[in-house]
Number of protein chains: 2
Amino acid sequence: MGRGKIEIKRIENSTNRQVTYSKRRGGIVKKARELTVLCDAEVSLIMFSSTGKFSEYISHTTTTKKIFDRYQQVSGINLWSSHYERMQEHLNKQKEINNNLQREIRRRMGGDLDDMSIEELRGLEQNLENSLKVVRERKYHVISTQTDTYKKKIRNLQEAHTNLLRQFSEMRIHTMG
Amino acid sequence: MGRGKIEIKRIENSTNRQVTYSKRRGGIVKKARELTVLCDAEVSLIMFSSTGKFSEYISHTTTTKKIFDRYQQVSGINLWSSHYERMQEHLNKQKEINNNLQREIRRRMGGDLDDMSIEELRGLEQNLENSLKVVRERKYHVISTQTDTYKKKIRNLQEAHTNLLRQFSEMRIHTMG
DNA sequence: CGCTCTATTTATAACGC
DNA sequence: TGCGTTATAAATAGAGC
């Protein structure tokens, strides 16, 4: 190397450290490229400088994703499959819940009744009757509320109209009289 | 380097290729280690030889998983999250469908009716009436089918009983007579 | 920063075991 | 394969611009 043997120890001067980093980064990338070409190897080199600057080399014969996948296979280390599996489980559960809900709705709409017993059918019937009652009550309530509102509006309008008429006739008396 | 300038080109002799790979692999790992220590950098170096042999160097200050995570953050490249995100989307969709289904069921059970208009309530009422009709029909059908089955069974039993009685009386006539 | 210029160290190809 | 040896190419520290 340069003028005098260097000691492999953290360079305390941060400017020099960055300069050395830049130079050596070039060198190591070159080495990686040579290894790729000369030896037909697949190399992934990822570097973060002490200031957080990112650089990488990846053999042209592959991609970083491929290397990561292969790394996992070979090293046996599961980097993210635990997440993945948990999510898959979650999804399956949701799908099952979904299917059950949809079946319940179909039944409540009069379908998919074939494998229901008399008791179950009786239960469903009663349930539907109750629901129907509640929905009807709600409907009547909404209708009556709306009717009241309309009645009130009409009353108000009539009042206003009467007032206007009175004012109008008073005005005529004053101006004409 | 060695005795004579070398050309950076694939080494065709596979034995030499492997020898060169081993030597240069050592060299590049040494460079990576020096970069780590001298420059306070974080380095991940993953290599697969042409025969598939795996080796890696990782700075002692970090882990391969950390480098992978950081790589993704910095490069913006989705290594696995393409899978992951699609799954998350899927899951969210399922959850939404689920919520809608549950709301529909609640309504069909007479709940959650507050923000429904008269028209919607009328539709639901009619729907429930129809469903109730279908469920009742189904119930009657099941009951009548079951009744028929019982009737048939009874008829068969009576027939068998009559036959037995006849056979018995005939037997008595033969043995006693 | 980034580039150039050396002196010097380091890496390594070729060879042998 | 792996480890020495050696001649030589390559990398690079330090300096200057």
Side-chain angles (χ1 to χ4, degrees), chain A residues 1-62 64 67 70-71 73-76, chain B residues 1-62 64 67 70-71 73-76:
Chain A
M1 285 185 181
R3 297 160 182 270
K5 182 176 171 179
I6 71 139
E7 191 186 0
I8 303 299
K9 193 181 165 187
R10 184 184 138 105
I11 297 166
E12 293 301 334
N13 177 315
S14 82
T15 306
N16 284 343
R17 189 165 61 231
Q18 278 314 111
V19 170
T20 298
Y21 177 76
S22 290
K23 283 187 177 183
R24 279 174 171 263
R25 186 190 50 179
I28 200 170
V29 165
K30 191 179 170 192
K31 292 280 180 200
R33 186 175 295 121
E34 288 176 355
L35 194 67
T36 301
V37 177
L38 276 173
C39 308
D40 211 15
E42 294 188 343
V43 181
S44 157
L45 175 64
I46 294 173
M47 292 165 287
F48 291 97
S49 76
S50 60
T51 58
K53 223 185 84 176
F54 158 76
S55 27
E56 74 164 327
Y57 168 79
I58 179 72
S59 299
H60 61 278
T61 48
T62 188
T64 302
I67 292 283
R70 208 169 161 189
Y71 173 85
Q73 281 183 354
V74 170
S75 71
Chain B
M1 288 186 181
R3 297 159 182 270
K5 181 178 173 180
I6 71 139
E7 190 186 1
I8 303 299
K9 191 180 164 185
R10 187 185 135 105
I11 298 166
E12 293 301 334
N13 179 314
S14 82
T15 306
N16 284 342
R17 188 165 62 234
Q18 278 314 109
V19 171
T20 298
Y21 176 77
S22 291
K23 285 187 175 181
R24 278 176 172 263
R25 186 191 46 179
I28 200 171
V29 165
K30 190 177 170 192
K31 291 279 181 199
R33 185 174 297 122
E34 289 176 355
L35 193 68
T36 300
V37 177
L38 277 174
C39 309
D40 209 17
E42 294 189 343
V43 181
S44 157
L45 175 64
I46 294 173
M47 293 166 286
F48 291 98
S49 76
S50 60
T51 59
K53 222 186 86 179
F54 158 77
S55 25
E56 74 164 328
Y57 168 78
I58 179 73
S59 299
H60 61 277
T61 48
T62 186
T64 302
I67 292 283
R70 205 167 164 191
Y71 173 85
Q73 281 182 356
V74 170
S75 71

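Just so it is clear, the model here is predicted, and its values are computed rather than measured. Note on naming: letters A, B, ... go to the chains in the order of the sequence lines (proteins, then strands), and numbering restarts at 1 for each one. Only this structure's heavy atoms are used, side chains among them; waters, hydrogens and symmetry mates stay out.
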Asker: What integer distance in Å separates A/Arg33:CZ from D/dA10:C1'?
Answerer: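 Value for this atom pair: 15 Å.
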Asker: I'd like to check the salt bridge (Lys or Arg N to Asp or Glu O under 4.0 Å) partners of B/Arg10; sequence neighbours left out, ordered by chain and number.
Answerer: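 Only A/Asp40, B/Glu12 meet the salt bridge (Lys or Arg N to Asp or Glu O under 4.0 Å) criterion with B/Arg10.
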Asker: Rounded to whole angstroms, how far apart are CD1 on A/Ile8 and C1' on C/dT10?
Answerer: 10 Å
Asker: Please figure out whether A/Arg25 or B/Lys5 has its closest DNA chain D nucleotide nearer the 5' end.
Answerer: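 Nearer the 5' end of the strand: B/Lys5.
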Asker: Can you tell me the distance, in whole Å, between the CD atom of A/Glu7 and the C1' atom of C/dT9?
Answerer: 15 Å
Asker: Give me the residues of residues 36-47 of chain B where at least one heavy atom lies under 4.0 Å from an atom of DNA chain D, by number, or none.
Answerer: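 Here the set is empty: none.
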Asker: Pick base, sugar-phosphate or nothing for A/Gln18, based on heavy-atom distances below 4.0 Å to the nucleic acid.
Answerer: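 Answer is nothing: A/Gln18 stays at 4.0 Å or more from every strand.
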Asker: With sequence neighbours left out, write down each residue that passes salt bridge (Lys or Arg N to Asp or Glu O under 4.0 Å) with B/Arg25, or none if nothing qualifies.
Answerer: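 By the salt bridge (Lys or Arg N to Asp or Glu O under 4.0 Å) rule, B/Arg25 matches no residue at all.
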Asker: Side chain to side chain donor-acceptor pair (under 3.5 Å) with B/Thr51: which residues, sequence neighbours excluded?
Answerer: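 With neighbours one apart ignored, the set is B/Ser49.
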Asker: So, B/Thr36 versus B/Tyr57: side-chain donor-acceptor pair below 3.5 Å or not?
Answerer: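 Side chains of B/Thr36 and B/Tyr57: pair found under 3.5 Å.
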Asker: Contact class for B/Thr20 (heavy atom, under 4.0 Å): base, sugar-phosphate, or nothing?
Answerer: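 Sugar-phosphate contact only - B/Thr20 comes under 4.0 Å of backbone atoms but never of a base.
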Asker: Look at the side chain of B/Lys30 and decide which nucleotide, out of C/dT10, C/dG2, D/dT1, has an atom nearest to it.
Answerer: C/dT10
Asker: Just the rounded figure in Å: distance from C1' of C/dC15 to CG of B/Asn13.
Answerer: 14 Å
Asker: With B/Thr20, which residues qualify under side chain to side chain donor-acceptor pair (under 3.5 Å), at least two apart?
Answerer: none
Asker: Given atom CZ of B/Arg17 and atom P of C/dT12, what is their separation to the nearest angstrom?
Answerer: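 Interatomic distance, CZ of B/Arg17 to P of C/dT12: 18 Å.
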Asker: Give me, pair by pair, the N or O atoms of the protein and of nucleotides 3-6 of chain D that are less than 3.5 Å apart, along with how far apart they are.
Answerer:
from	atom 1	to	atom 2	distance (Å)
D/dT6	O2	B/Arg3	NH2	3.3

Asker: Please report the closest heavy-atom contact between B/Lys9 and A/Val37, naming both atoms and the distance.
Answerer: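 Taking every non-hydrogen atom into account, CA-CG1, 3.8 Å.
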Asker: How many whole angstroms separate atom CD1 of A/Ile28 from atom C1' of D/dT12?
Answerer: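 Going from A/Ile28 (CD1) to D/dT12 (C1'), I get 14 Å.
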Asker: Please state how far atom OH in A/Tyr21 lies from atom C1' in D/dT12, giving the value in whole angstrom units.
Answerer: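 Nearest whole value for this atom pair: 17 Å.
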Asker: Please, which pairs that meet salt bridge (charged side-chain N to carboxylate O under 4.0 Å, His left out) have at least one residue in residues 42-53 of chain B, sequence neighbours excluded?
Answerer: B/Glu42-B/Arg70
Asker: Within this structure, what is the CG-to-P distance between B/Asn16 and D/dG2, rounded to whole angstrom?
Answerer: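 Spelled out: CG on B/Asn16 to P on D/dG2 is 15 Å.
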Asker: From the options C/dA13, D/dA10, D/dT1, select the nucleotide whose nearest atom is closest to the side chain of B/Ile6.
Answerer: C/dA13
Asker: Taking only residues at least two apart or on different chains, which pairs with a member in residues 8-48 of chain B satisfy ring pair (Phe, Tyr, Trp, His ring centres under 6.0 Å)?
Answerer: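 Only B/Phe48-B/Phe54 qualify under ring pair (Phe, Tyr, Trp, His ring centres under 6.0 Å).
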Asker: Which nucleotide sits closest to the side chain of A/Arg24: C/dA11, C/dG2, D/dA13?
Answerer: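 Per side-chain heavy atoms of A/Arg24, the pick is D/dA13.
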Asker: Who pairs with A/Ser55 by side chain to side chain donor-acceptor pair (under 3.5 Å), at least two apart in sequence or on another chain?
Answerer: none
